[in-house]
Structure formats: C-alpha cells, structure tokens
Amino acid sequence: MSFIESEERRELRKVVGELGKKYGYKWFNQQARTGGHTTELWLEAGKLGFLGVNLPEQYGGGGGGMADLSIVLEELGAAGCPLLMMVVSPSICGTVISRFGTDEQKQHWLPGLADGTTIMAFAITEPDAGSNSHQITTTARRTEDGWSLTGRKVFISGLDVAKAILVVGRTEDAKTGKLKPALFIVPIDAPGVEFRQIEMDLISPDKQYALFLDDVQLPREALVGSEDAALMQLFAGLNPERIMASAFAIGIGRHALDKATAYVKERQVWKAPIGAHQGLAHPLAQIKIELELARLMMQKAAALYDAGEDLAAGETANMAKYAAGEVAVRATDQAVQSLGGNGMTVEYGVASLVAAARATRIAPVSREMILNFVAQHSLGLPKSY
C-alpha cells in the first residue's frame, strides 16, 4: 500500500467527482423527497465503467479491486450523491459471484452488475436473529430439482429496483443434521417471493423492505459456491460491505464538512467571517483530521482485501467502518451547528444528512458489535455475548 495514489486512481477520483457534481445533492435530495430513484445517475456511472471497476474485465468490469470501488462511492458521496446500492450490488454480490460463482453464474450476472443494468440486493438480517447471523432461520430444503427456500428477512435495501437477491440461508448438513450457512441467488419475480416497504424516518431514495420467502423453488444452480465453505464465502462478501459502508460514511462526512466550511468562510456577523472563531474552526479542523484517519484505515482494509489477506482485512474493515461512522455523525452534526438556523432549512440541505449519517453507526454492523469484535479478536479478551 502506497500513501501516494497512482495517477489512474487520482484520475478516477477526478472524473467520478465531476459526475457526482453534474447531478449534485439538490437533485439527489429531490429524488429522495419525491419518491424517485437515482436510476439516471446509476446507469451513467455504469456506462462509464465506475460501478464495475472492481469486477473482472472478462465480464465487463474494470479489473480493479475494492480500493477502486471505494473511491467511486466516496467521491459520489462527497459530491452529494451517496449511492447506497453500491455497498450491495457490485460490492457484496459482485464480489461473491466473481470469487465463488460458477462460470454460468458469472456470465449471467456479472456483466449486468458491472454496467448497472442489473441490480442485486443482499438479504441476511432477520427479525429475530438481528446481529446474530448464527441464529438465521431462513432454510433451504433439498428437492428433486434443486432447493425450496423459506424464511423472512428485514431491512433489505433496494428490492424495488433489484432483479435478484443474494440470500443467506441455511442448509442441513447430511452428516451431522445441523444447519450451516449457504448463499442462493433468488430472482425477484420468483413465485413465493414477496416484499413490503418498511416506513423509515430517513430522507433517502433507497427504500428498506421486509422480505418473505414462502417455499421458493430454486434450481440446483441457484446455490453460489460450495455448501461446505459458505461461511468463508459469506465473510468474503461482508468485508467488502464494511469497506464500502466506510466509503459511504466518509463521502457523507466530506460533503457535510465542505458545506460547513464554505458557509463559515462567507458568513459574517461581526467584523470577520464566523470561521475565524475557534469555536467553529477547531471542531471543523478535528473533523477534517478524523475523516483523513478513517479514510486511511479504509484504504488499508481495501489494500489487504485486494491482496487476498481476508483475515487481516476483516479486522481493518471493521475498524474503518467504526471510524467512518463516528466521524460522519460528528461532521453532519457540526455542519448543522455551524450554519445555525440555516442548517435546519431545506435550502441549505444539511439537516437531511443527519439521519443518513446516523444510520452508518448502526448498519451494516453496529458500532457495539465492532467493539465486541475488536475486544475479542484484536485484544484477545473473553467473548462478551
């Protein structure tokens, strides 16, 4: 890992930033408030090769890695257009299929994930299991022709725009009779698949859903990878998820900081711009430092993951996600405080960022579960849960 980005990555930042500014936060916020979608931006980003920058070239991708994809999401977020489904579709789903899928699965799904014409959702969270993935009850039963999948999932993003869902279920081990994780690709229009929108107090174009799987009949080839290695395959997708969630949070934090900084440079109440006062300057300077630190950990996690160091990437990806979520919350809160009353108006578009930033401390893994992970795996402390 170099602290000097390559010319290609600097250019990637530049052109993605220009694309994000072409649409901007006002457009993004309008889509969210009117029930619209970010399809126009999504498809343009796909056409330009940004969405699939991490996927293999032979399937229409850019042949890069998570470091490249995280740049795309960070810069779009910094421009005011944080595309949540980037955390899911090319990152989790694209990575899992490209690493563990069959040739047929790769040929069928990866080109669409790369150019944006196909969006794939990811379903792991359940009403009763919560953060405890070992308690997942969505079960796949063998049939003569393949599998029958039954279960419930909650807080699943993007089902209204997805063509398929990568579902985390469990199958019965023929030797022990115990249930073990397994990954299945489920078409959104398969009989037995239903979903219902969950009303959220979030101003976002990306909706959340409860997913119901009722005896969904799947062919044998719906299974991704090996049954025996499904847990490893699952975490191969969750590490990119954490890296991209970090990019999502850092992008929001940068956007909020830019708005606050621009405002306090110009806003004058007494004889000087209010940004000259340490009561505003110091908190903004702290946020700048913390954003840079979070980005460094995200870049380390991405570099380790792209180098095939899955175990080390797991630790750093969790740390990056923790740091990014914390500073995103601080950045949006301080942006509102810096703008005063204007920070609460629709015109300035700052207060609407607060809930989105707050969500990054909860999802896709809560700060408390990250602290549990670091305490147990990094410090060697006894398991607390």
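All residue numbers refer to positions in the sequence shown, counting from 1. For clarity, every value in this text was computed on a predicted model and none was experimentally measured.
- The distance from atom CD1 of I165 to atom CG of L159, rounded to the nearest 0.5 Å, is 5.0 Å.
- For E11, the CD atom counts as densely surrounded, since its 6.0 Å shell holds more than 12 non-hydrogen atoms of other residues, nucleotides or ligands.
- Put simply, the side chain of W147 never gets that close to the backbone of Q217: no donor and acceptor are under 3.5 Å apart.
- A donor and an acceptor atom, one from each side chain of H37 and D206, are nowhere located under 3.5 Å apart.
- Within 6.0 Å of CD1 in I4 there are 12 or fewer heavy atoms belonging to other residues, nucleotides or ligands.
- N239 and E241 share no donor-acceptor pair across their side chains, judged by distance under 3.5 Å alone.
- Crowding of M200 atom CE: a count of heavy atoms from other residues, nucleotides or ligands under 6.0 Å exceeding 12.
- Partner of E18 under the side-chain hydrogen bond (donor to acceptor under 3.5 Å, both in side chains) criterion, out of K14, K21, K22: K14 alone.
- Using a distance-only test at 3.5 Å, with no hydrogens or angles considered, a donor-acceptor pair links the side chain of K153 to the main chain of I124.
- Once rounded to the nearest 0.5 Å, the distance linking CD1 of I287 with CZ of R254 reads 14.5 Å.
- Residues F155 and Y209 place their aromatic rings such that the two centres sit no closer than 6.0 Å.
- When only modelled atom types and interatomic distance are considered, Y305 and D310 share no side-chain donor-acceptor pair under 3.5 Å.
- One hydrophobic cluster holds both F373 and Y385 under the rule that ILVMFWY side chains link at heavy-atom gaps under 4.5 Å.
- To the nearest 0.5 Å, atom NZ of residue K106 and atom CD1 of residue I97 are 10.5 Å apart.
- At a threshold of 4.5 Å between non-hydrogen side-chain atoms, the residues W42 and M85 count as touching.
- Between the side chains of Q31 and T38, not a single donor N or O lies within less than 3.5 Å of an accepting N or O.
- Judged purely by distance below 3.5 Å, without hydrogens or angles, the side chains of D128 and T137 never pair a donor atom with an acceptor atom.
- Here NE2 of H108 is found 13.5 Å from OH of Y59. Values are rounded to the nearest 0.5 Å.
- Ring-plane geometry between H255 and Y25 is classed as tilted, the angle between the planes lying from 30 to 60 degrees on a 0 to 90 degree scale.
- Among all heavy-atom pairs drawn from S352 and R33, the shortest one is CB-NH2, 3.9 Å.
- Among L234, I185, V224, the single residue meeting the side chain to side chain contact (heavy atoms under 4.5 Å, CB included) criterion with V96 is V224.
- Between the side chains of S338 and Q334, at least one donor N or O sits under 3.5 Å from an acceptor N or O.
- Under the side chain to side chain contact (heavy atoms under 4.5 Å, CB included) test applied with L83, the options V72, V88, L41 reduce to a single match, L41.
- Contact check for V216 versus F184: no side-chain heavy atoms found under the 4.5 Å cut-off.
- Atom CZ of R152 has 12 or fewer heavy atoms from other residues, nucleotides or ligands within 6.0 Å.
- If you check the side chains of T102 and E221, you find no donor sitting under 3.5 Å from an acceptor.
- Checking side-chain atoms of D68 against main-chain N and O of G65 turns up a donor-acceptor pair under 3.5 Å.
- For the atom pair L84 CG and M244 CE, the distance stands at 10.0 Å (nearest 0.5 Å).
- Ion pair E5/R10 not flagged as a salt bridge, since none of the NZ, NE, NH1 or NH2 atoms sits closer than 4.0 Å to an Asp/Glu carboxylate oxygen.
- Side-chain contact of D115 with T117: a donor-acceptor pair under 3.5 Å is present, judged by distance alone.
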Let's go through R220 and D145 carefully: what are the C-alpha distance in whole Å and the side-chain angles of both, what is the deciding distance for salt bridge (Lys or Arg N to Asp or Glu O under 4.0 Å) to 0.1 Å, and is it a yes or a no?
CA-CA 7 Å; R220 291 185 182 89; D145 299 320; 5.5 Å; no
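- Hydrophobic clustering (side-chain heavy atoms under 4.5 Å, transitive across Ile, Leu, Val, Met, Phe, Trp, Tyr) keeps I156 apart from I92.
- Panel note: side chain T360, backbone A357; a donor-acceptor pair is recorded below 3.5 Å.
- For Q376 and S384, the side-chain atoms include no donor-acceptor pair closer than 3.5 Å.
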